[in-house]
Amino acid sequence: MPIGLKWSGYRICDLRARELVGPAVFLGARRDLWTFADMAAANRHYWEREGKGRGVSAQLWNIRDKIRDVDAIMTPARQATIGEAHPEFGWAGPACKEDIGGGPRAAHRTPAAARLRALADMADSTTWHRHRR
């Protein structure tokens, strides 16, 4: 789920992720997305203010309630310790808040490989936090 929503426009990290991953990255998560009655109303609003084509996809519209739930509990203090990464970057390498780094995408993506990658990333994160204090 997106963390650190803007009121308008696309987030830099989403644009960079889309360059690397492709259309699996949904653009347009904004802080007021869940206030619209339907996707057409949201798109009319964004197109009028940001330009034609700067709306939201059906996929993003369908997860708006989950985005709202995450946004409701995500404080600036939590953002300092909780990050986000697009699922596709589990295969490509680390992702960060407003800049994305990573290596080549793996040829084979399996649940077992994802679990191993997640455990390795958590171990790296735990080690980093322990040494940071």
Side-chain angles (χ1 to χ4, degrees):
M1 291 294 131
I3 296 173
L5 300 177
K6 296 171 65 169
W7 286 101
S8 65
Y10 295 161
R11 299 179 319 153
I12 294 168
C13 59
D14 293 335
L15 292 169
R16 296 280 314 277
R18 190 167 238 208
E19 289 173 10
L20 296 170
V21 176
V25 176
F26 308 148
L27 300 176
R30 298 169 184 90
R31 181 150 281 120
D32 63 351
L33 179 60
W34 46 87
T35 64
F36 298 97
D38 55 41
M39 191 173 98
N43 281 329
R44 275 192 305 277
H45 172 83
Y46 296 132
W47 292 346
E48 288 171 5
R49 285 160 184 75
E50 299 177 24
K52 189 77 169 169
R54 298 286 288 191
V56 297
S57 66
Q59 294 91 339
L60 185 65
W61 177 256
N62 288 327
I63 62 171
R64 72 191 179 286
D65 291 337
K66 302 262 187 231
I67 294 170
R68 180 195 60 222
D69 294 345
V70 169
D71 190 59
I73 63 167
M74 192 52 57
T75 64
R78 285 186 173 138
Q79 285 186 39
T81 58
I82 299 172
E84 72 173 283
H86 190 276
E88 290 292 324
F89 279 101
W91 319 111
C96 62
K97 294 180 192 223
E98 283 295 316
D99 190 14
I100 294 176
R105 292 171 72 185
H108 300 288
R109 302 184 301 183
T110 66
R115 281 191 296 278
L116 289 173
R117 175 63 188 232
L119 290 170
D121 289 346
M122 285 187 285
D124 288 346
S125 175
T126 302
T127 302
W128 182 82
H129 283 291
R130 196 172 37 240
H131 292 294
R132 186 173 157 216
R133 295 177 192 204

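Between the CG atom of L33 and the CG atom of D71 there is a distance of 10.5 Å, given to the nearest 0.5 Å.
When every heavy atom of P2 is checked against every heavy atom of I67, the shortest pair comes out as CD-CG1, 3.8 Å. Of all heavy-atom pairs between R31 and L5, the closest is NH1-O, 2.9 Å. Summarising the geometry of R18 relative to V25, their closest heavy-atom pair is NE-O, 3.1 Å, with the distance given to 0.1 Å. Closest heavy-atom contact between I63 and M1: CD1-CE, 4.2 Å. Counting all heavy atoms, side chain and backbone alike, A42 lies closest to W61 at CB-CZ3, 4.0 Å.
Sorted by first then second residue, the salt bridge (Lys or Arg N to Asp or Glu O under 4.0 Å) pairs that include residues 57-66, not counting sequence neighbours, are D65-R68. Pairs of residues two or more places apart, or lying in two chains, never qualify as ring pair (Phe, Tyr, Trp, His ring centres under 6.0 Å) while including a residue from residues 2-34. Sorted by first and then second residue, the salt bridge (Lys or Arg N to Asp or Glu O under 4.0 Å) pairs with a member in residues 39-51 read R30-E50; sequence neighbours excluded.
The hydrophobic clustering, which links ILVMFWY residues whose side-chain heavy atoms are closer than 4.5 Å, places M39 and W47 apart.
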Indicate every side-chain donor-acceptor pair of residues 51-59 with a distance under 3.5 Å to a residue at least two apart or in another chain.
| unit_1 | atom_1 | unit_2 | atom_2 | d |
| --- | --- | --- | --- | --- |
| S57 | OG | Q59 | OE1 | 3.4 |
| S57 | OG | L60 | N | 3.1 |

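Every side chain to side chain contact (heavy atoms under 4.5 Å, CB included) that D38 has, sequence neighbours left out, goes to A40, A41. Scanning for side-chain hydrogen bond (donor to acceptor under 3.5 Å, both in side chains) contacts around D32 gives Y46, with sequence neighbours left out.
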